[in-house]
**Student:** 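Please read through the structure below; I'll follow up with questions.
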Amino acid sequence: MVQKNSLKKVIVITGPTGVGKTNLAIKISKHFNAEIINADASQMRKRLNIGTAKISIDEMQNVPHHLIDFLEPTESFSIKDYVDRARIIIDGMENIPVIVGGSGLYIQALISTYNLNFQPRKNDSEFDELSNEEVYAILQSIDNEAALKVHYNNRKRVIRYIELAREKNEVEPIEPMPYYDALVIGLTKDRFQLYEAINNRCDKMIKNGWLEEVKSLANDGINMELIKEIGYDDLYKVTKNELTLDKAVNDIKQKTRNYAKRQLTWFRNKMNCEFFEINNSTPEMAIERIKKFLYNK
RNA sequence: GGAGAGGUAGCGAAGUGGCUAAACGCGGUGGACUGUAAAUCCACUCUCUACGAGUUCGAUGGUUCGAAUCCGUCCCUCUCCA
């Protein structure tokens, strides 16, 4: 059993999209002379700048940033890749690591001992001809316990559970435990205000040239269908005159709001967050809390 | 002023005498989720003291054992003609 106080201390700043993570992270990092490790899957990708609200070099204010802007737009990447790279960076870091982002699963996998020794997801077509119910029946027959955890319509997860079940005997189980001593700060905001912020930010992104960003990607032959980040496909359709800009913008706002809600569900139920309501708390309060966590004072 | 069409739950939209508290879609809310996670999926959504009860389908008055559905009157919206 690893003693908790022997684990490396890390700060995590998470929260739904548009809540103001970046801003707070910079303030905190400057105060503690910390370094930021990005935990936002979308912001890892190069050239998806405006649409993912990626921090600019200026905004970084000389705070070192890691694992941001390093993947090709459609390059495949997984949680395991992320965890491996992030841990190398964090474990070798002299300064305080501040993990910032909204990809809950990535954060969870990074700060705890997720079992990532299984084979990655395959792209096999074994199940192509089968209905959801039929695929689910296969899972039931080989691992009924796993089957009870998914809905048969959640095809992606059902298939993944089949893959895991087939490997189960070859992979050593790992107890879920903390990997770092993490203080997880979850930023929240009144729902209505959060949605307004998302809407406004989306309008701003369009003004800042998001559509041009999309055009440039498409012009360079990037397969736009492989970009699953919210908005890119909608705007691509606008460039092809398949959708009006107005409609696209509305759809994007809608999808982003839905996404923020899903994130909140995750933070509430899957992560051990200390929530900071952004209207009722100041960066100074967060800094005080972090001081207490780091230096026990 | 005349002729037509229509007013259904937050929105769009079915329903045209009992099986309707009212299909379906959207939105909203809650939830699941250990390898593409800005993904994938599920549930709930008139009200309440909630395995039961109470109020709904523009308003109002009727017909009927029974109406969102049939009839009268009124109000409002849209299109066309003046």
Side-chain angles (χ1 to χ4, degrees), chain A residues 14-19 21 38-45 48-54 71-86 101-124 132 135-136 139 146-165 167-168 171 173-177 179 191-192 194-195 198-199 201-202 205 210 223 225-235 247 250-271:
Chain A
T14 190
T17 187
V19 78
K21 296 184 287 293
N38 171 47
D40 198 310
S42 300
Q43 295 184 0
M44 293 174 198
R45 301 191 178 277
L48 310 188
N49 299 144
I50 297 171
T52 62
K54 195 185 288 166
L71 286 172
E72 293 306 319
T74 61
E75 186 178 349
S76 75
F77 192 71
S78 82
I79 294 168
K80 167 109 169 111
D81 302 320
Y82 175 73
V83 170
D84 288 349
R85 297 177 78 143
S103 300
L105 178 62
Y106 279 45
I107 295 170
Q108 199 58 22
L110 176 58
I111 65 175
S112 64
T113 59
Y114 266 36
N115 192 348
L116 294 166
N117 294 325
F118 287 88
Q119 288 300 306
R121 195 176 213 165
K122 293 189 200 92
N123 264 339
D124 59 47
N132 289 176
V135 178
Y136 187 73
L139 177 59
L148 292 171
K149 295 199 297 185
V150 249
H151 190 275
Y152 62 86
N153 279 341
N154 201 349
R155 179 177 257 263
K156 273 192 184 177
R157 310 249 67 249
V158 171
I159 291 175
R160 180 58 184 158
Y161 279 144
I162 292 173
E163 291 176 357
L164 294 178
E167 264 191 89
K168 217 173 185 176
V171 176
I174 294 178
E175 280 287 305
M177 287 192 307
Y179 185 87
R191 189 66 62 91
F192 182 78
L194 177 65
Y195 285 179
I198 286 171
N199 293 161
R201 191 181 66 172
C202 181
M205 286 170 170
W210 193 1
N223 185 348
E225 284 171 18
L226 294 180
I227 296 182
K228 68 205 170 330
E229 275 72 21
I230 291 173
Y232 284 85
D233 189 49
D234 299 278
L235 292 177
K247 176 87 169 75
N250 273 329
D251 288 355
I252 292 167
K253 289 174 179 173
Q254 182 62 250
K255 288 176 193 175
T256 310
R257 277 181 257 135
N258 293 161
Y259 167 53
K261 184 175 168 297
R262 265 179 276 135
Q263 286 179 298
L264 285 165
T265 300
W266 181 282
F267 302 141
R268 267 196 304 255
N269 303 307
K270 286 283 186 183
M271 288 179 87

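Just so it is clear: chains get the letters A, B, ... in the order the sequence lines come, proteins before strands, and each one is counted from 1. Not measured: the values here are computed from a predicted model.
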**Student:** Going by distance alone, is a donor N or O of one side chain under 3.5 Å from an acceptor N or O of the other, for A:R201 and A:T256?
**Tutor:** no
**Student:** Can a side chain N or O of A:R160 be found less than 4.0 Å away from OP1 or OP2 on B:C33?
**Tutor:** no
**Student:** Any side-chain N or O of A:K261 less than 4.0 Å from the OP1 or OP2 oxygen of B:U29?
**Tutor:** no
**Student:** In whole Å, measure the gap between the C1' atoms of B:G7 and B:U16 for me.
**Tutor:** 15 Å
**Student:** When you match A:M205 and A:Y195 each to their closest nucleotide on RNA chain B, which lands nearer the 5' end?
**Tutor:** A:Y195
**Student:** How many whole angstroms separate atom CD1 of A:I159 from atom C1' of B:U40?
**Tutor:** 11 Å
**Student:** Given the C1' atoms of B:A13 and B:C19, what is the spacing between them in whole Å?
**Tutor:** 22 Å
**Student:** Could you work out the separation of B:C70 and B:A14 based on their P atoms and round it to a whole Å?
**Tutor:** 16 Å
**Student:** Strictly below 4.0 Å, heavy-atom distances to any atom of RNA chain B: list the hits from residues 107-116 of chain A, or just say none.
**Tutor:** A:Y114, A:N115, A:L116
**Student:** Classify the nucleic acid contact of A:T52 as base, sugar-phosphate or nothing, counting any heavy atom under 4.0 Å across all strands shown.
**Tutor:** base
**Student:** Atom CD in A:E229, atom OG1 in A:T74: separation rounded to 0.5 Å?
**Tutor:** 10.0 Å
**Student:** A:N154 has a side chain; which of B:U40, B:A38, B:C33 sits nearest to it?
**Tutor:** B:U40
**Student:** Would you say A:R155 reaches B:U40's phosphate, i.e. side-chain N/O to OP1/OP2 under 4.0 Å?
**Tutor:** no
**Student:** Mind checking A:K156 for me? I need base, sugar-phosphate or nothing, with any heavy atom below 4.0 Å counting as a touch.
**Tutor:** sugar-phosphate
**Student:** Classify A:T17 by what it touches in the nucleic acid, base, sugar-phosphate, or nothing, heavy-atom distance under 4.0 Å.
**Tutor:** nothing
**Student:** Heavy atoms only, 4.0 Å cut-off, all strands: where does A:F192 land among base, sugar-phosphate and nothing?
**Tutor:** nothing
**Student:** Working to the nearest 0.5 Å, report the span between CD1 of A:I159 and CG of A:L139.
**Tutor:** 10.5 Å
**Student:** Distance check: side-chain N/O of A:S103 vs OP1/OP2 of B:A38, anything under 4.0 Å?
**Tutor:** yes
**Student:** Round to a whole Å and report the spacing from NZ of A:K80 to P of B:A37.
**Tutor:** 16 Å
**Student:** When you check the phosphate oxygens OP1 and OP2 of B:A32, does a side-chain N or O of A:N269 lie under 4.0 Å from one of them?
**Tutor:** yes
**Student:** Expressed as a whole number of Å, how far does the P atom of B:A21 sit from that of B:C57?
**Tutor:** 14 Å
**Student:** For A:R45, report the nucleic acid contact type (base, sugar-phosphate, nothing); a contact means any heavy atom under 4.0 Å.
**Tutor:** nothing
**Student:** From the set B:A38, B:G28, B:G35, return the single nucleotide nearest to any side-chain atom of A:I230.
**Tutor:** B:A38
**Student:** Could you tell me the Watson-Crick or G-U partner of B:G30, where both distances fall under 3.5 Å? Say none if there is no partner.
**Tutor:** B:C42
**Student:** Would you kindly give the NZ-to-C1' distance between A:K255 and B:U40, to the nearest whole Å?
**Tutor:** 15 Å
**Student:** At under 4.0 Å, does any side-chain N or O of A:R262 touch on OP1 or OP2 of B:A37?
**Tutor:** no
**Student:** Using the C1' atom as the reference point in each nucleotide, state the distance between B:A59 and B:C76 in Å, no decimals.
**Tutor:** 10 Å
**Student:** Among B:C41, B:G35, B:G31, which nucleotide has an atom closest to any side-chain atom of A:R268?
**Tutor:** B:G31
**Student:** Pick the P atom in B:A82 and in B:A9, then give their distance to the nearest Å.
**Tutor:** 36 Å
**Student:** Using atom CE of A:M44 as one end and atom P of B:A37 as the other, report the distance to the nearest whole Å.
**Tutor:** 8 Å
**Student:** Can you check the A:N132 CG to B:C41 P distance for me, whole Å?
**Tutor:** 9 Å
**Student:** Contact class for A:I79 (heavy atom, under 4.0 Å): base, sugar-phosphate, or nothing?
**Tutor:** sugar-phosphate
**Student:** Given the C1' atoms of B:U40 and B:U49, what is the spacing between them in whole Å?
**Tutor:** 40 Å
**Student:** Any side-chain N or O of A:N153 below 4.0 angstrom from OP1/OP2 of B:C42?
**Tutor:** yes
**Student:** Please report, rounded to the nearest Å, how far the C1' atom of B:U40 is from the OH atom of A:Y136.
**Tutor:** 16 Å
**Student:** Just do the salt bridge (Lys or Arg N to Asp or Glu O under 4.0 Å) check on A:D251 and A:K255 with the steps written out, would you?
**Tutor:** CA-CA 6 Å; A:D251 288 355; A:K255 288 176 193 175; 5.6 Å; no
**Student:** When we call it a touch if two heavy atoms are under 4.0 Å apart, what does A:G102 touch: a base, just sugar-phosphate, or nothing?
**Tutor:** sugar-phosphate
**Student:** Can you tell me how far the CG atom of A:N115 sits from the NZ atom of A:K80, to the nearest 0.5 Å?
**Tutor:** 9.5 Å
**Student:** Once you round it to whole Å, what is the distance between P of B:A38 and CD1 of A:I252?
**Tutor:** 16 Å
**Student:** Can you tell me if A:N258 touches the phosphate of B:G28, counting only side-chain N or O atoms and a distance under 4.0 Å to OP1 or OP2?
**Tutor:** yes
**Student:** Say you pick atom P in B:G58 and the same atom in B:G10; how far apart are they, in whole Å?
**Tutor:** 13 Å
**Student:** Between atom OH in A:Y82 and atom C1' in B:A38, what is the gap in whole Å?
**Tutor:** 15 Å
